Amino acid sequence: MAQSKYTTHLGMVDILPDEVRKWQYLENLIRQEAHKFNFEEIRTPIMEQTELIVRGLGQLTDIVSKEIFAFSRGEDNYVLRPELTAPVVRAYVEHHLGQRGGSQKLFYIGPMFRAERPQKGRQRQFHQFGLEVLGSSDAVADAEVIAFMIHIYNKIGIKNTTLKINSIGDPESRDKYKEALKAHLKPNFDKLSDVSKKRFEKNPLRILDSKEEEDQPFIETAPVITDFLNDDSVNHYNKVKDYLSELGISFEEDPYLVRGMDYYTQTAFELISPDLGAQDALAGGGRYDLLVEEIGGQPTPAVGFAAGMERLLIACEELGIVLGDEKSVDVYIVTLGDAARKWGLAQLPKLRSNGISATMDYMGRSMKAQMKDANRENARFAIIVGENELKEGKFTFRNMTESEEESLTFDDILGKF
RNA sequence: GAGCUCGUAGCUCAGUUGGUUAGAGUGCCAGGUUGUGGCCCUGGAGGUCGGGGGUUCAAAUCCCCUCGGGCUCCCCA
């Protein structure tokens, strides 16, 4: 097929009307359920200062080192947000949201940008929804955040998921563990896969994630991070697990679960789906007790998660779950002749002001074509009007699903709704 | 950054060892029913076969280059 002259950029997709109905359904559901959990929505700009993202996520993370869309204009450096935890924390600090008292329970829905090679479940502009709880170090917050995440997927009907959790402790515990891990791997450095060799200095924890066959023997015998946690970390982790059990949420402990952003501390978790292909993480998150301070706020513990909306929609597709309704309209006015067309146009506002969705032909076509259009638009009713109806002041009111008609005044028709 | 793979009507795809004006289904438009949709019948519009170059009497088909998409590695939602 001939390619059009103008197209979206690589990895950026248009969401067309039939798809938008699913998105609206999903967004409505998220907002409604978030309110049930007493979370409030926050909306931040699409662009942030580059420095916020670099400092927040970590200079050496993949996201920052090779996946951000950044540009400068005059003195200012802009970056298209690749995630929303750091921006939400920025807003929290900038607007002193901590002063509102208690813990801040925020949720968001919106587009994110990462300059990666697209593939299934991965785009350059994609959408996430997520929660952040700022100001609580209590494991109840961890449990509620996870509970909300699971709740959304259950509500939609995506149930064959696996919740993986781990604790990566505080920075001191993690540094001790990193050294132990490197000491374990070093004697066999030459036998590691190429990617793992690269990770060895930069981010040894990531080697635990390796899917390379040659790495497996060393991963299996590697020390486990949970053995390096201090008492506070262990206590917190145990409480999280205890609360999840209390909530009836099953989970799988994965001592090799490591996440991509530097800001994580303590609890880390991911929700995995077998229906997604290579990119199998539906959602992920964790605790980030040091980020608020890192960004310039008072020391403030926090926990949150982010979920990929495209991935959620892919899972629905795979599972045959249909989100939202087909398009439809309450009334389609079918007209014959100029006088009737004029009358029809004048009735549309009356129908709409009564809460009835209504439309008519915009193309000046035959009655048959109008009926066909009414059918295509899934009109529940058609009002058919020609010279006879105008003369008598009674109009043909056709139930399109039952194929039954009656002759009614316009007021009677309004009374039918 | 790397690998694999695919580009033929709006969509899903046929197209036999290169051989006339490139097909089907579906969708779209119209007619059959000069006032009635869905089913059915008939007709129509719609394609520079992604683009450029080459080989050939002849290219959707073979060769080269190029553009675009998809999947995968890395990493992540």
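Every chain is numbered from 1, with letters handed out A, B, ... down the list of sequences. Everything numeric in this text was worked out from a predicted model, so none of it was measured.
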Q.
Going by the rule salt bridge (charged side-chain N to carboxylate O under 4.0 Å, His left out), which residues pair with A:E252 if we only count those two or more places apart in sequence or in a different chain?
A. none

Q. Aromatic rings A:F113 and A:F69: how do their planes relate, parallel, tilted or perpendicular, breaks at 30° and 60°?
A. perpendicular

Q. Can you tell me how far C1' of B:C71 sits from CD1 of A:I314, to the nearest Å?
A. 12 Å

Q: Using the ring of A:F410 (Phe, Tyr or Trp, six-membered ring only), decide whether A:K350 places NZ or CZ under 6.0 Å from its centre and within 45 degrees of its axis.
A: yes

**Q.** Atom-to-atom span, CG of A:D280 to P of B:U72 - whole angstrom
**A.** 11 Å

(Q) Protein within reach of the bases, or only the backbone? For nucleotides 34-40 of chain B, mark each nucleotide 5' to 3' as B, S or -, using heavy atoms under 4.0 Å. (A) -BBBB--

(Q) Using a strict threshold of under 4.0 Å (side-chain N to carboxylate O), is an ion pair present between A:E318 and A:K120? (A) yes

Q) Under 4.0 angstrom, heavy atoms only, what part of the nucleic acid is A:M112 near: base, sugar-phosphate, or nothing? A) nothing

Q) Any Lys/Arg nitrogen of A:R341 or A:D338 sitting under 4.0 Å from an Asp/Glu carboxylate oxygen of the other? A) no

Q: Sticking with atom C1', work out how far B:A45 lies from B:U5, rounded to a whole angstrom.
A: 35 Å

Q.
Mind checking if A:G121 touches a base, just sugar-phosphate, or nothing, with heavy atoms under 4.0 Å?
A. base

**Q.** Closest-nucleotide 5' rank along RNA chain B - winner of A:M363 and A:Q128
**A.** A:M363

Q) Do the side-chain N or O atoms of A:R122 get closer than 4.0 angstrom to the phosphate oxygens (OP1, OP2) of B:C71? A) no

Q) Are any of A:R117's side-chain N or O atoms less than 4.0 Å away from OP1 or OP2 of B:G3? A) no

Q) Is there a donor on the side chain of A:Q123 or the base of B:A77 sitting less than 3.5 Å from an acceptor on the other? A) no

Q: May I have the distance from A:K120 (atom NZ) to B:A77 (atom C1'), rounded to whole angstrom?
A: 15 Å

**Q.** Residues A:E33, A:K36: salt bridge by 4.0 Å N-O rule
**A.** yes

(Q) What's the gap between B:G50 and B:G69 when it is taken at their P atoms, as a whole Å value? (A) 16 Å

Q | Salt-bridge contact A:K105-A:E40 (side-chain N to carboxylate O under 4.0 Å) | A | no

(Q) For the P atoms, the ones on B:A77 and on B:G3, what distance do you get once it is rounded to whole angstrom? (A) 27 Å

Q. Once the angle between the rings of A:W343 and A:F395 is folded into 0 to 90°, is it parallel (under 30°), tilted (30 to 60°) or perpendicular (over 60°)?
A. parallel

Q) Which value, in whole Å, describes the distance between the P atoms of nucleotides B:G19 and B:A60? A) 9 Å

(Q) Can you measure A:L10 atom CG to B:G1 atom C1' for me and round it to whole angstrom units? (A) 14 Å

Q) With sugar-phosphate meaning primed atoms plus P, OP1 and OP2, does A:L312 contact a base, only sugar-phosphate, or nothing at under 4.0 Å between heavy atoms? A) nothing

Q: Can you tell me which stems involve RNA chain B, if a stem is defined as three or more consecutive Watson-Crick or G-U wobble pairs, both distances under 3.5 Å?
A: B:1-7 with B:67-73, B:10-13 with B:23-26, B:28-32 with B:40-44, B:50-54 with B:62-66

Q. Expressed in angstrom and rounded to an integer, what is the separation of A:L257 atom CG from B:A77 atom P?
A. 11 Å

(Q) With rounding to the closest Å, how many angstrom separate the C1' atoms on B:G10 and B:G54? (A) 33 Å

(Q) Regarding A:Q370, tell me which of base, sugar-phosphate or nothing describes its non-hydrogen contacts under 4.0 Å with the strands shown. (A) nothing

Q: Nearest whole angstrom, please: distance from the P of B:U72 to the CD of A:Q279.
A: 7 Å

Q. Roughly how far apart, to the nearest Å, are B:G68 and B:C28 at atom C1'?
A. 27 Å

(Q) For the CZ atom of A:R398 and the CD1 atom of A:I383, what is their distance to the nearest 0.5 Å? (A) 13.5 Å

**Q.** Residue closer to the 5' end of RNA chain B, A:T8 versus A:A307 (nearest nucleotide)
**A.** A:T8

Q.
Measuring only the C1' atom in each nucleotide, how far is B:C65 from B:U55? A whole number of Å is fine.
A. 15 Å

Q) Looking only at atom C1', what distance separates B:A59 and B:G53, rounded to whole Å? A) 13 Å

Q.
Between P on B:U5 and CD on A:Q119, what's the gap in Å once rounded to a whole number?
A. 17 Å

Q: Indicate, with a heavy-atom threshold strictly under 4.0 Å, whether A:A374 touches base, sugar-phosphate, or nothing.
A: nothing

**Q.** Pair A:F381 + A:F397: ring centers closer than 6.0 Å
**A.** yes

Q. Does A:K239 count as lying over the ring of A:Y243, i.e. NZ or CZ under 6.0 Å from the six-ring centre, within 45 degrees of the axis?
A. no

Q | Whole-Å distance separating the CG atom of A:L16 from the P atom of B:G10 | A | 16 Å

